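Once you've had a glance at the structure underneath, I'll fire off some questions.
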Amino acid sequence: QKEVEQDPGPLSVPEGAIVSLNCTYSNSAFQYFMWYRQYSRKGPELLMYTYSSGNKEDGRFTAQVDKSSKYISLFIRDSQPSDSATYLCAIQRDTDSNYQLIWGAGTKLIIKP
Amino acid sequence: DTEVTQTPKHLVMGMTNKKSLKCEQHMGHRAMYWYKQKAKKPPELMFVYSYEKLSINESVPSRFSPECPNSSLLNLHLHALQPEDSALYLCASSPGTNTGELFFGEGSRLTVL
């Protein structure tokens, strides 16, 4: 079993829709969760960084962690064509080794005008 | 605009060539990273420098040689590469080694003929 599972998609939705992107993980000890966005031919960009359970909101983006289910989500409201990109979840093993990020496969998101 | 600058953006080299990739950041970050990314795959960690010292080498072949001349600069020296080494090479930095907040450059796209 992989430590982090993420559906690679592609996920295609119409402009204005609410998008839900998800990852599952296997180790209940994980506490730090990240979402990165990567446009084609660019480096990843950190979108959201959350600790433990709960929600975190930033504009149209909401990150949610459900530790009981070992499930993390990224919601995008009022999706725009400019949101078309690959979204990667990443999990930090522990606070002493941030370089030990475990990456999901990345979900390719396409927002149709 | 990314605050991590990578040069060159594109590089084509033969298997007998020697070349270098360069990375620069002026955010005062103390940790710097090299990642390799193949198409439709997440980034793979290669090297980590913490306070200018190599702290992680993820079993990378010796034909890749990292160098950290100072806290702002990171180089990756390439020699006798193979066609399968063709990939996007990403540099990243972070404030310290206790956070998963990585700031990536746009990458250097390497093609080995």
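For clarity, every value in this text was computed on a predicted model and none was experimentally measured. Each chain gets a letter, A, B and so on, in the order the sequences are listed, and its residues count up from 1.
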### Task
Tell me yes or no: between the side chains of A/T107 and A/Q6, is some donor less than 3.5 Å from an acceptor?
yes
### Task
Could you look at A/Y39 and say if it's the side chain, the backbone, both or neither that has a heavy atom under 4.5 Å from chain B?
neither
### Query
Checking side-chain contact (heavy atoms from CB on, under 4.5 Å) against A/V19, which of A/D78, A/I111, A/L74 comes through?
A/I111
#### Entry: Polar side chain donor-acceptor pair, A/Y25 to A/E3, under 3.5 angstrom
no
### Message
Please classify the contact between A/P44 and chain B as side chain, backbone, both or neither, with a heavy-atom cut-off of under 4.5 Å.
### Response
both
### Query
Are A/I72 and A/M34 joined in one hydrophobic group, where the rule is that I, L, V, M, F, W and Y side chains link up if heavy atoms are under 4.5 Å apart?
no
#### Entry: B/Q6 portion near chain A, given a 4.5 angstrom heavy-atom threshold
neither
